[in-house]
Amino acid sequence: MSALFGNYGKRRAQIVKGQGTVVEDSTGKQYLDFTSGIAVASLGHAHPAIVQALQEQSEKLWHISNLFDIPGQETVAQKLIAHTHLAHAFFCNSGAEANEAAIKLARKHTGKNHIITFEKSFHGRTFGAMSATGQGKIHNGFGPLVEKFTILPFNDAAALEATIDDSVAAIMLEMIQGEGGVNCVSLEFATTIAKACDDKGILLIIDEVQTGIGRTGTRYAFEQTVLKPHIVTLAKGLGGGFPVGAMLGTAELYATFSPGAHGTTFGGNPLAMSVAQAVLSHVFEPAFLQQVQDQSAYIVAQLKAHLPSNYTIQGQGLMLGIGCGETEVAAYIAAAEEKGLLLVGAGPNVIRLLPPLTVTKGEIDEAVAILKTILY
Ligand SMILES: *Cc1c(COP(=O)(O)O)cnc(C)c1O
């Protein structure tokens, strides 16, 4: 019997080290990691720049708490808001925490409590974020949930128009639903959301915990749409594997998070900030983002050329899904692992591809060759 709770369904391989896109298990077998630890290892494993940033900071100061000014926070915040309409950042340790901060900020700022979210969404496992999540399997057994979340069908403009009224504080959504199946927001739906927020003074919260930090080929996925969120939440790729989350907001929200209104002990600590700074100085370079787009176009073309047409290719940038119709993908994922390719599901019927943003064309060719032997 394990000394651990059994809340994770464990995979077979025990990964002990990694370099770039390649990881190695305890028997010495190598794998191409097309999960990136679920969209986290944005620069791949053991990237020298983030290893160095962590080493250097670890010899100076690990932790001082938010009682004191932490200079790295200002630098990372400046990088995160540059070239956007957003003005301020709050740092925390995870995606769920970033979403908790967003929900609290939206309620306090508007003086309202009703928040609209969507079916198949995933916002995290803490009470607020779980209540916002539109998946019954995430809620089961944990009720009562936090009140006043209305969960509407995704990409259904009519359902949204029928629900919005003056009680709504915020609409919260992912630009591409990650855990829910790599489902993209449609242009029509984005247009309806933008109009609803404008007309009714509703805050727009975009959960970019998975889509943000270059994953979709731009800094943030919302930049590729008509949407201008008031609040953006980040985590996964921001620390390249070091736990760090962030919430970004517009200038109008500044006064609502006044001293003492919200906080966290570890959030934005010097170690996390030094790593995030190193990640952003690579990922937010235009040439780097262009390369993500190029690799995306390449992998999509290869998948379309080599997989039978009954599989659908979904997503954007290096957040891609292979839709398998009604077929359950768990056996495909296990077979790929056997053959040296790590994949993760998105819902029961979609295989998710989340390689490091530094993945090479050669690695894409190898991955597609393995996929070809599994999906036929
Ligand atoms: C992973 C994820 C979260 C939760 O992040 P944690 O760091 O696990 O709390 C929230 N939203 C989205 C879109 C995610 O993909």
Side-chain angles (χ1 to χ4, degrees), residues 5 7-9 35-42 90-106 115-135 137-139 142 145-146 149 151 154-155 170-185 204-216 220-222 225 227 229 231-248 264 266-269 272 275-276 279 314-321 343-347 350 352-354 357:
F5 275 109
N7 57 311
Y8 298 110
T35 70
S36 303
I38 319 190
V40 168
S42 39
F90 161 79
F91 291 104
C92 52
N93 310 289
S94 69
E97 281 181 42
N99 286 331
E100 293 294 331
I103 292 163
K104 287 177 71 175
L105 180 60
I115 296 179
I116 292 178
T117 65
F118 299 96
E119 289 170 8
K120 293 192 179 171
S121 61
F122 183 78
H123 298 298
R125 304 284 193 156
T126 53
F127 259 94
M130 172 178 70
S131 303
T133 292
Q135 300 189 52
K137 68 169 194 212
I138 305 281
H139 299 159
F142 295 123
L145 301 179
V146 176
F149 286 94
I151 298 171
F154 186 63
N155 273 338
I171 296 172
M172 177 171 179
L173 82 165
E174 298 154 87
M175 297 304 340
I176 305 175
Q177 292 183 327
E179 306 306 307
V182 194
N183 311 312
C184 298
V185 170
L204 178 60
I205 304 170
I206 299 193
D207 178 345
E208 296 240 22
V209 168
Q210 191 159 155
T211 54
I213 318 297
R215 179 53 60 183
T216 69
Y220 307 107
F222 77 78
T225 72
L227 294 173
I231 300 175
V232 172
T233 56
L234 302 167
K236 293 199 164 91
L238 176 57
F242 197 94
V244 51
M247 179 191 69
L248 311 180
T264 151
F266 292 122
N269 98 357
V275 177
V279 168
Q314 302 154 212
Q316 258 168 355
L318 292 174
M319 180 172 177
L320 297 169
L343 301 168
V344 60
V350 178
R352 200 166 12 154
L353 305 179
L354 297 164
L357 304 181

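All values reported here derive from a predicted model rather than from experimental measurement. For ligands, and for the atoms within them, numbers begin at 1 and follow the listed sequence. For the single chain, residues carry numbers from 1 onward in sequence order.
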Heavy-atom closest pair, residues A106 and A170
CB-CB, 4.0 Å
Suppose I only count heavy atoms of N99 and a 4.0 Å limit; which atoms of ligand 1 are within that range?
10 (C), 11 (N)
Just wondering, do V244 and L234 contact through their side chains at under 4.5 Å, heavy atoms?
no
Tightest non-hydrogen contact, residues V182 and R352, listed as CG2-CG, 3.9 Å
Sidechain-backbone polar pair: E208 side chain, I213 backbone, donor-acceptor under 3.5 Å:
no
Note: A98 and C92 closest approach over all heavy atoms is N-SG, 3.4 Å
Quick one: are M175 and T225 in side-chain contact, heavy atoms under 4.5 Å?
yes
Starting from atom 12 (C) of ligand 1, locate the nearest protein heavy atom and write down its residue, its atom name and how far away it is, to 0.1 Å.
F122 O, 3.3 Å
Looking at atom 5 (O) of ligand 1, tell me if a protein heavy atom falls under 4.0 Å from it.
yes
List the closest protein heavy-atom neighbour of atom 1 (C) of ligand 1: residue, atom name, distance to the nearest 0.1 Å.
K236 NZ, 1.5 Å
Student check: side-chain heavy atoms of Q210 and L354 closer than 4.5 Å:
yes
Can you find a pair of side-chain heavy atoms, one from Y220 and one from I206, that are under 4.5 Å apart?
no
Numbered atoms and elements of ligand 1 in range of E174, under 4.0 angstrom, heavy atoms:
13 (C)
List every atom of ligand 1 that sits less than 4.0 Å from any heavy atom of Q210, numbering the atoms from 1 in the order shown and giving each element.
15 (O)
D207 neighbourhood, listing ligand 1 atoms whose heavy-atom distance to it stays under 4.0 Å:
10 (C), 11 (N), 12 (C), 13 (C)
Numbered atoms and elements of ligand 1 in range of A96, under 4.0 angstrom, heavy atoms:
4 (C), 5 (O), 6 (P), 9 (O)
Check whether any N or O atom of G95, backbone or side chain, sits under 3.5 Å from an N or O atom of ligand 1, and answer yes or no.
yes
Atoms of ligand 1 close to H123 [distance to a heavy atom under 4.0 angstrom, numbered from 1]
10 (C), 11 (N)
Which segment of S94 sits under 4.0 Å of ligand 1 when only heavy atoms are counted
both
